[in-house]
Amino acid sequence: MEPAMRPQLEPWVAPPETAMELDWAPLTRIDLSKFESLDDRKALANDLKQAISTWGFWSVVNSGIPQELVNRMFSISSAFFNLSVEEKNSVAMDAMRGPVGYKGPLAEQMKTHLLQVDVEYLHIPIFNSQGSSIIPGRDRIHEFINVFKDEIAEFQQLCYDMVLKKLFILCAMVLEVPDDYFIQRHRLEDASDTHIRMLKYLARSQEVDENGEVRFVGHTDIGSITLLFPASISGLQIQSPVDQEWKWVKPDPGSITCNSADILSLLTKGYFKSVIHRVVRPPADQIKLPRFTIGYIGRPTHDVPIVPAPSPLLLREGIISEAEMNGKFESEVVTCQEYMNGRVKHSYHKDETKKERLLERHFPDQRHYCKGSCTKSQGLVLECDPDIGSSGCIITIFSSLPLIESLPSTTSALIQTSPPINFNNYYLLNNVLYRFNQKFTKWLVFVTVFTARNFK
Ligand SMILES: O=C(O)CCC(=O)C(=O)O
Ligand SMILES: [Fe+2]
């Protein structure tokens, strides 16, 4: 469509920042204008190492993505969300079919909890050079969005070239693997679940806020790296690795809030952290405004096996074994696509079979808290704990292969060993469990660890 046929959009004007002094998280700033010089790049890698192995969040400045283009994304997003409910629902999302389409502001009920309240969002797939979705069939793209797809495609490409690729090179430097290690596993032109996420959190005053302060409950992101372009309204909080308290993320104008997510954590066997974060009602001076976020949700290419990177650093630190260093498990582990599909099925009520919910028979109350533990050789121990402790977990076994008829007849085979699951070894758990039962290759085991505060 010719630009002349595009609807005129209201120019985006970022709302004023909060004047309130909040308990801000001390995020590392990665200044990408320093990326070109090798010495500076080494210093950046060092800074990223510190951030990604502790808070799992950092902010990027001087990315080189023109602010006008970012503002255009906010204008497009704001205009799209102003369309009628019927219009928006004409591209309603079906999470089982991939991250594309629109989701309305009604609370989204996951198996264990309400995920979001008063949030609407639109997922836009990566466009190829012809302007179609990279993945055939992922075509729930509203005509309104289609009209702007060359600008959206440019934005996608810049997020990848100017930010993601550079962060992946820094990640590779941290791990002492070849510079293109993660880039090769995140090829923009091949099938992946990478997408642009446009979010609008509806304004609600405290008085009518029946659902409480949380808009998007505590969660970790599934993919590799998420880039968040915040529209100056505060609301994002991350759980401090120091004291597990919620800290606010400052939406600095022009900066990009970045976080490492579950798959990147798995690819580093937990060395890169995937930290729990949530979105709450904005502070009092911003409460009357809707909050917009544009996210670039970076996920690996579908065919990437989930194995730890053969990193000399991880070997030295005792995080990976010699066998893992030599890629011994490559053939028996799941791919990123299998993992992501499994996670979606794990999270939603829809399309579940009894077998996929094997363990839940033993824990019929979805919010049941239990203590558990695991070692690589022996598997997993679960101990039901009706007194909700400071941490607990909900476990689902899911096989990504055609389901094997003869599942272990009882869960007791899985129930043994020590030390107890807690927040700190969650990453390790998540990493070792997906192949803990060597008898059946390609088992996926999802462990969701909650603290009571997750549900607040
Ligand atoms: O809106 C935000 O600031 C965070 C959104 C988020 O956590 C997500 O989309 O996964
Ligand atoms: Fe998130």
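These numbers come from a predicted model, not from an experiment. Remember, it's 1-based here, ligands and their atoms both numbered in the order they're listed.
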> What about the rings of His142 and Tyr102, do their centers lie closer together than 6.0 Å?
Replying inline: no
> How far does CG of Leu122 sit from NZ of Lys103, to the nearest 0.5 angstrom?
Replying inline: 12.5 Å
> Parallel, tilted or perpendicular: which describes the rings of Trp12 and Phe292, with under 30° parallel and over 60° perpendicular?
Replying inline: perpendicular
>> Quick test of your reading of the model: are Asp118 and Arg281 salt-bridged, counting only N-O distances below 4.0 Å?
In response: no
> How about Thr301 and Asp190: does a side-chain donor come under 3.5 Å of a side-chain acceptor?
Replying inline: no
> Quick check: does any side chain N or O of Ser255 sit under 3.5 Å from a backbone N or O of Val60, one acting as donor and the other as acceptor?
Replying inline: no
>> Residue by residue, ordered by chain and number, which ones reach under 4.0 Å of ligand 1 with a heavy atom?
In response: Arg197, Leu199, Tyr201, Phe216, His219, Asp221, Leu228, Leu236, His277, Val279, Arg291, Thr293
> So does Lys149 have more than 12 non-hydrogen atoms from other groups sitting under 6.0 Å from NZ?
Replying inline: yes
>> Over 60° means perpendicular and under 30° means parallel, so tell me whether Phe272 and Phe182 are parallel, tilted or perpendicular.
In response: tilted
>> Please give me the protein atoms (N, O or S only) lying under 2.8 Å from the Fe ion (ligand 2), ordered by chain and number.
In response: His219 NE2, Asp221 OD1, His277 NE2
>> Between Phe216 and Tyr121 (judged by ring centroids, cut-off 6.0 Å), do the two rings come close enough to count as a pair?
In response: no
